Amino acid sequence: MGAAIIDPTRSDNRLYRFLRSVPTWVLWLLVVVWMTPTLGLLVNSFRERTVQTRSGWWNVLLGHWDGFTLDNYREVLADAAAGVPTIRSGLANSLAIALPATIIPIAIAAFAAYAFAWIDFKGRQGLFIATVSLLAIPLQVALVPLLRLFNFGAHLTIPWLDKTITVFPDLGLAGTTNAVWLSHTAFGMPFAIFLLHNYISSLPRDLFEAARIDGADHFRIFWRLVLPLSVPVLAAFAIFQFLWTWNDYLVANVLLRLIGQPDYQQYPTTIVIAGQASANFGASEHLLTAGAFVQSAIPLVVFFLLQRFFVRGILAGSVKG
């Protein structure tokens, strides 16, 4: 009798249909709750400043469409006065930071992950553990040392020899986008190696043995077999890294603004948008929502282009077999 109550073969069983519908409703509820702040930002990005301060965005749902305009987007995308960064230059700078900070870690980490997974060399396990342990180091503690390294270099003084050895030359990179993407490359490398290693090490051993029997060396195996099979995990890391570097404010703010006279032409969108909050003594805060949606356009495009690989890449290497 009890089994008949939840018998899935009975189409008229209300309890069974209810139990099947619960996960869907829960997911839709989470989507609505998560999207509500974004919807509010989108609505306010089309409203005048006075309307934003006078009433909440939810009044639009009640039919109050007064104050809707495209002027916020026109002001955000317009040419600014001399010495003031614009969102258009910020987008170019963000691309100049995010693209190399995404491509370079993938290229280096793919080689390193293959070596850790399938090339037997002395100290392999210890070196891999040391590399992955770098994930535990907070990037905040490395920002000031990196700033000094990029601007002053690193020098070792030997007192008893009265000699100074230059360990790292002064490249004068502080205050440029080069310093930012180099830092993001270094910070993203341990996670990239860890993620790619877990996937590559889970590939069938028979595949590599068959390739070696056919005379393929490590480079050919990596290029012809590993890379094509690793597209999902490469895309997953690309999404993570691109979104992280594109939306970063802390690293860019430290490396671009704390040395000498900052060059506003080097600012990414995150710094430009943050500057809008204090522009004209706070009179431009109504532009923040429009600037946020302009800034988020490229990450959305990247995510939707690669999202079909996202779940497969995140789960890559989590199950052996």
Side-chain angles (χ1 to χ4, degrees), residues 31 34-61 65-103 176-177 180-181 184 238-257 262-307 310:
V31 169
W34 192 266
M35 291 297 295
T36 297
T38 305
L39 177 62
L41 286 175
L42 178 62
V43 172
N44 271 337
S45 69
F46 291 101
R47 303 170 81 207
E48 296 178 347
R49 182 175 186 270
T50 55
V51 179
Q52 288 186 26
T53 56
R54 189 174 64 243
S55 61
W57 65 268
W58 49 86
N59 286 285
V60 173
L61 303 178
W65 293 83
D66 55 312
F68 262 62
T69 178
L70 293 175
D71 289 343
N72 295 342
Y73 286 93
R74 292 192 185 100
E75 290 186 51
V76 165
L77 296 173
D79 294 329
V84 179
T86 64
I87 193 73
R88 288 184 296 181
S89 65
L91 290 172
N93 292 329
S94 293
L95 281 175
I97 292 171
L99 288 179
T102 302
I103 296 172
T176 66
T177 56
V180 183
W181 68 256
H184 281 301
I239 292 175
F240 270 122
Q241 185 72 354
F242 187 88
L243 293 181
W244 165 251
T245 55
W246 182 271
N247 294 319
D248 168 69
Y249 175 80
L250 176 62
V251 177
N253 190 56
V254 171
L255 296 178
L256 292 176
R257 302 181 67 177
D263 183 5
Y264 71 91
Q265 296 288 354
Q266 303 283 334
Y267 289 174
T269 51
T270 49
I271 297 180
V272 174
I273 293 173
Q276 291 175 345
S278 57
N280 300 323
F281 300 98
S284 301
E285 82 279 359
H286 63 291
L287 302 178
L288 292 176
T289 53
F293 273 93
V294 171
Q295 192 263 353
S296 63
I298 294 180
L300 285 175
V301 171
V302 171
F303 178 80
F304 284 116
L305 287 176
L306 301 178
Q307 59 87 23
F310 187 70

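Note that this is a predicted model, so its numbers are computed, not measured.
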Interatomic distance, CG@Asp248 vs CH2@Trp181, rounded to 0.5 Å, equals 15.5 Å
Decide yes or no for Val294 and Leu91: does some side-chain heavy atom of the first lie under 4.5 Å from some side-chain heavy atom of the second? yes
Quick check: closest heavy atoms across Gly291 and Ile87, and the distance to 0.1 Å? O-CD1, 4.5 Å
Rounded to the nearest 0.5 Å, what separation is found between the CD1 atom of Ile273 and the OG1 atom of Thr289? 10.0 Å
Rounded to the nearest 0.5 Å, how far does CD of Gln52 lie from CH2 of Trp57? 13.5 Å
Non-hydrogen atoms of Pro299 and Leu243 that approach each other most closely: CB-CD2, 3.4 Å
Tightest non-hydrogen contact, residues Ala98 and Phe242, listed as CB-CE1, 3.6 Å
Keeping the roles fixed (side chain from Gln241, backbone from Thr102), state whether a donor-acceptor pair exists under 3.5 Å. no
On a heavy-atom basis, the closest approach of Gln265 and Asn93 is O-ND2, 2.7 Å
Can you find a side-chain donor-acceptor pair between Gln295 and Asn247 that sits under 3.5 Å? yes
Review item, side-chain donor-acceptor pairs of residues 37-46, under 3.5 Å, at least two apart:
residue, atom, partner, partner atom, Å
Asn44, OD1, Arg47, NH1, 2.8
Ser45, OG, Leu42, O, 2.6
Ser45, OG, Tyr73, OH, 2.8

Let me confirm one number: the CD1-CG distance from Ile97 to Leu255, rounded to the nearest 0.5 Å. 9.0 Å
Applying side-chain hydrogen bond (donor to acceptor under 3.5 Å, both in side chains), can you list everything that pairs with Trp246, at least two apart in sequence or on another chain? none
Between CD on residue Gln266 and CD1 on residue Ile271, distance to nearest 0.5 Å: 10.5 Å
